[in-house]
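Please read all numbers here as calculations on a predicted model, not as lab measurements. In what follows, chains carry the letters A, B, and so on, assigned in the order in which the sequence lines appear, proteins first and then strands, with residues in each chain numbered from 1.
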Protein chains: 2
Amino acid sequence: MEDGSRTVGPEQYRALARFRHELRRFLHFSEAAAVAAGLPAQQHQALLAIMGHDGPGRPTVGDLAERLVVAPHTAAELASRMAEAGLVTKAHPPADRRRTELAPTARAEALLAGLTEAHLRELEQLAPALARALGLDGPPGG
Amino acid sequence: MEDGSRTVGPEQYRALARFRHELRRFLHFSEAAAVAAGLPAQQHQALLAIMGHDGPGRPTVGDLAERLVVAPHTAAELASRMAEAGLVTKAHPPADRRRTELAPTARAEALLAGLTEAHLRELEQLAPALARALGLDGPPGG
DNA sequence: CGGATATATATCGTGTTACGACACATTCCA
DNA sequence: TGGAATGTGTCGTAACACGATATATATCCG
């Protein structure tokens, strides 16, 4: 019965559409905030991934690709643009000189701090709606 | 005290980065699924917005813009590409001939049904991680 | 009724981003 | 030590979103 082959109806479309709408509102806020701070949206997210790296040592270009769910060479391009913009510095660790480790500059850290604060505040507002929209089938009583 | 001016530290970066990672995983899945079905990602989402429209009558280009959180002329371009691709038909209601009402074609409905099924299944998997990542400060005990 | 203004959509040129195909340096391994 | 694997970088291409601008329709006000 619940094999999922014919469960798609108007209610599912509406629920999924609502979820995507909430997502896009957040993403739109995020992009606008980043651009207002002088950062392209992807560079902001890359910076967050770098600062939020929780492994040992600095994240590499490959780590960045994995966290952003993009192809390695896409992350490489992104890292290059960020280095040009003075947001990160690149270093090749002696242990494996193929790798490129990324470290944020002081300016990038300052920018990210402000943006992160704004995002945390915005998410406090949006989280309930997002969580609600994640209950895609709607409440059992509705 | 909780004015939010100095709450940004390593834990916040990690939590927010994890949330963005989950988001990107979902968005990557979604785009890949759409493209595999022969639809550009935005056209898939536009279709979902159209089919998920819950107001009276058909959604207009302006409605689409609002749901996708894009500028009206961006939605107009998207609608034109979709009409060219045989995914929607346009109609100008007599009541206000400035408006353009959008209706999905049978082919579009079939495509969206399959994609929606896949998305609902994927969200069942991802929803817990997303919801967890939405508790950005981490559990009180952790 | 008629002209000014507002609304809804559409078009054009531009910039950002992501990809595939390919190139190159470094490391690993038989 | 030579060849495959790994990590990153380069180049050309395509989709998307925007600002500026244009057009058609509707509305308002006297």
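One finds a side-chain N or O of A/T60 lying less than 4.0 angstrom from the OP1 or OP2 phosphate oxygen of D/dT8. At D/dT8, none of the side-chain N or O atoms of A/K90 fall inside 4.0 Å of OP1 or OP2 (strictly under the cut-off). For A/R97 and D/dT6, the shortest distance from a side-chain N or O to OP1 or OP2 is not below 4.0 Å. An OP1 or OP2 oxygen of C/dA18 is reached within less than 4.0 angstrom by a side-chain nitrogen or oxygen of A/Q42.
Residue contacts for A/T74: at a heavy-atom cut-off of 4.0 Å it reaches a base atom on one of the strands shown. Residue B/P40 is classed as a sugar-phosphate contact, given heavy-atom separations below 4.0 Å to backbone atoms only.
Salt bridge present: A/E117 and A/R121 bring a charged side-chain N and a carboxylate O closer than 4.0 Å.
Put simply, the side chain of A/E101 does not reach to within 4.5 Å of the side chain of A/P59, judged on heavy atoms.
Relative ring orientation between A/F26 and A/H119 is described as perpendicular, the plane-to-plane angle rising above 60° on a 0-90° scale split at 30° and 60°.
Regarding A/H92, its NE2 atom lies at a distance of 20 Å from the P atom of D/dT6, rounded to whole Å. In this structure, A/R81 atom CZ and C/dA18 atom C1' are separated by 9 Å, rounded to whole Å. Per the geometry, CG belonging to B/L78 stands 13 Å off P belonging to D/dA15, to the nearest Å. Look at CZ on A/R98: it is 6 Å from P on C/dC28, rounded to the nearest Å.
A/E77 contributes a side-chain N or O that forms a donor-acceptor pair with the base of C/dC19 under 3.5 Å. For D/dG7, its base never sits under 3.5 Å from the side chain of A/H73 at any donor and acceptor pair.
Side chain of A/Q43, nearest nucleotide from D/dA26, D/dA5, C/dT17: C/dT17.
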>> Determine whether A/L64 and A/L102 satisfy the following criterion, side chain to side chain contact (heavy atoms under 4.5 Å, CB included), listing intermediate values before the conclusion.
In response: CA-CA 9 Å; A/L64 186 59; A/L102 304 172; 3.9 Å; yes
